[in-house]
> 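My structure is below; once you've seen it, I'll send some questions.
Keep in mind it's a predicted model, so treat the numbers as computed, not measured. Heavy atoms only: backbone and side chains are in, while hydrogens, waters and symmetry mates are out. All chains are named by letter (A, B, ...) in the order of the sequence lines, taking the proteins before the strands, and each is independently numbered beginning at 1.
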Amino acid sequence: MSKFSAPKGVKEYFPPDSHKFEFVRDGLLFPARVAGYQLLELPVFEDTEVFARGVGASTDVVTKEMYTFDDRGGRSITLRPEGTAGAIRAVIEHGLDKGQLPVKIFYQGAFFRAERPQAGRYRQFYQVGIEAIGYQDPEIDVEVISIADQGYRKLGLKNFQLEITSLGDLQSRTAHKKDLMSFIGKLKLDEATLERAKLNPLRLFDDKREEIKQSMKDAPVLLDYLSKESAAHFNRVQDLLKSLSIPFTINKKMVRGLDYYTGTTFEFTHSLLGAQSGIGGGGRYDGLMSLLGGKEMSGIGFGLGIDRTILALEAESINIKNQNYLHIYFVPLGETAKQTAFELCVALRTREISADMAYGDRGLKGAMNAADKSGATFVAVIGDEEMKTGKVTLKNLRDGSTELVNLSVEDLTRFVEKIRITSKSK
RNA sequence: GUGGGCGUAGCUCAGCCGGUAGAGCAUUCGGUUGUGGUCCGAAAUGUCGCGGGUUCGAUCCCCGUCGCUCACCCCA
């Protein structure tokens, strides 16, 4: 038992499985890169106001899930619970919105929420996200959705679903809110629920308690209140999704946990996961830029959960191969051979030939075992005879074939590169 | 924040009615003074989560505590 353990609720990725994390992170981001999105590397903490204002005072995220503390200068700091608010802050601060539009950015990293941990829910979790800011074209909505869809597909994921809805423009929401409030006013609700309804009545749609579900069954839904413009936009989004053959369903009662969403909103869920089935989600935000001190400008983006996507892949029994590779593994026998092997390793690496060796003066059998486990393509045993003749047998660990090669960086490099080219051309 | 389940070797777990611990995998070494994966053999590794109580005696029973885990809630 070690004396220390990681803080409660964090998920760590370590060998031999950590390559899964890299695979998922890079796979989810790839479609964004080829769509012209560029990296925005952000701080993991921000002025608390960025989230309090950006994410919204009615959200659980802000009211009870933020890691907030005072720094040494007495400033209130919060570890980022999501990516969009900070991204928008950076866009405004650095004037990205003053250049060519849309601003297309992606980010990736750790996020923090002080929740009770559970399967697929961690206090430090990982997301990739993108934002497209500056235009309201329905094509951009669908571009963002399709990038998420492609990301999941690229990883080989199958059992995921896309749900979409529209939260409309201000006019739509005002009209709906009026009717919804009077509907809720007729319900018998407990104190806490009523409080929540006051801050954001839409939240009641999300309640999982049977009695609330029952009473909300006939509640007016926002989709029926969309303004002409909002309805046209939403219809166009659906048409575009169909033209791209991206399957989706409309969820009239979908509620997102962040207050800034307007217009098109969407969620990806996976059917083989437990209670935490959401693997990604996002939507449009019309008011966020001005809320954070920028100009009136609409944007749309998503956040995809790396942790949950890994769980989803595992639930589908999708085997993620380790992409790491090693070309040569040296097994030195004796002190002089050890130094030669070491020097060869270093020299080969500068030529981008990956090489490793057995340390710790291990016996031949143990060292061969290590070579095998390293996943190297070739093993080279260097002992007295090799040192004397200046030639070494390279054994291919995959097929057992051997070849005698001069014990020099040049010849070893040539040999590995030749093999590389022939195996690539297959 | 509320509730259920579980804490024994690096990992997965066994341990009967209380008598101070085992297996498999992994690790290292040997069988084979120079060529791996299989097989056979051996070695090493534990405050039995922590604190208290009951008892001649607690991994086992009781209480507390911490941790993990699942669900509610919420969301990625």
> Take the protein atom CZ of A:Arg308 and the nucleotide atom P of B:C70, then report the distance between them rounded to whole Å.
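Computing the A:Arg308:CZ to B:C70:P distance gives 12 Å.
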> How far does the P atom of B:G49 sit from the matching atom of B:G10, given to the nearest Å?
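To the nearest whole Å, 13 Å.
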> Is a salt bridge present between A:Arg351 and A:Glu417, judged by a nitrogen-to-oxygen distance below 4.0 Å?
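Judged by the 4.0 Å cut-off on N to carboxylate O distance, A:Arg351 and A:Glu417 do not form a salt bridge.
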> Of A:Glu46, A:Glu49, A:His94, which is the lone residue that meets side chain to side chain donor-acceptor pair (under 3.5 Å) with A:Arg89?
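Among the candidates, only A:Glu46 passes.
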> Return the set of residues passing salt bridge (charged side-chain N to carboxylate O under 4.0 Å, His left out) with A:Glu343 (not counting sequence neighbours), or none when no residue passes.
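Residues passing salt bridge (charged side-chain N to carboxylate O under 4.0 Å, His left out) with A:Glu343: none at all.
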> Could you work out, with side-chain contact (heavy atoms from CB on, under 4.5 Å) as the rule, every residue matching A:Pro201, not counting sequence neighbours?
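A:Lys177, A:Leu180, A:Met181, A:Ile184.
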> Kindly say if A:Lys8 contacts the phosphate of B:C68, meaning a side-chain N or O under 4.0 Å from OP1 or OP2.
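A:Lys8 to B:C68 OP1/OP2: side-chain N or O found under 4.0 Å.
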> Using whole Å, what does the distance between atom P of nucleotide B:G1 and atom CE of A:Met66 come to?
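Interatomic distance, CE of A:Met66 to P of B:G1: 17 Å.
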> Whole Å only: how far is the CG atom of A:Asp361 from the P atom of B:C29?
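Result: 11 Å.
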> Could you please name the option among B:A76, B:U35, B:G37 that lies closest to any side-chain atom of A:Asn369?
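Ranking B:A76, B:U35, B:G37 by closest atom to the A:Asn369 side chain puts B:G37 first.
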> Determine the minimum heavy-atom distance between A:Arg153 and A:Pro247, stating which atoms define it.
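Looking at all heavy atoms of both residues, the shortest contact is NH2-CD, 3.9 Å.
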> At 4.0 Å (heavy atoms only), tell me whether A:Phe111 reaches a base, stays on the sugar-phosphate, or touches nothing.
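Nothing: the residue A:Phe111, judged by heavy atoms under 4.0 Å, touches no strand.
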> Is it the case that A:Thr265 and A:Thr165 place a side-chain donor and acceptor less than 3.5 Å from each other?
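Checked: A:Thr265/A:Thr165 side chains show no N/O donor-acceptor pair below 3.5 Å.
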> Grab the stems for RNA chain B, please: at least three consecutive Watson-Crick or wobble pairs, both distances below 3.5 Å, written as range with range.
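The stems that RNA chain B takes part in, listed by first number, are B:1-7 with B:66-72, B:10-13 with B:22-25, B:27-31 with B:39-43, B:49-53 with B:61-65.
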> Verify the stacking flag for A:Phe125 against B:A76: centroid separation must be under 5.5 angstrom and the ring planes must differ by under 30 degrees.
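A stacking contact exists, since A:Phe125 sits close and nearly parallel to the base ring of B:A76.
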> For B:A44 versus B:G7, give the span between their P atoms, rounded off to a whole number of Å.
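Straight-line distance between the two P atoms is 28 Å.
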> Write down the distance separating the P atoms in B:C40 and B:A23, rounded off to the nearest Å.
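Pairwise P distance, B:C40 against B:A23, rounds to 16 Å.
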> Rounded to whole angstrom, note down the C1' distance from B:C60 over to B:U8.
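Those two atoms are separated by 11 Å.
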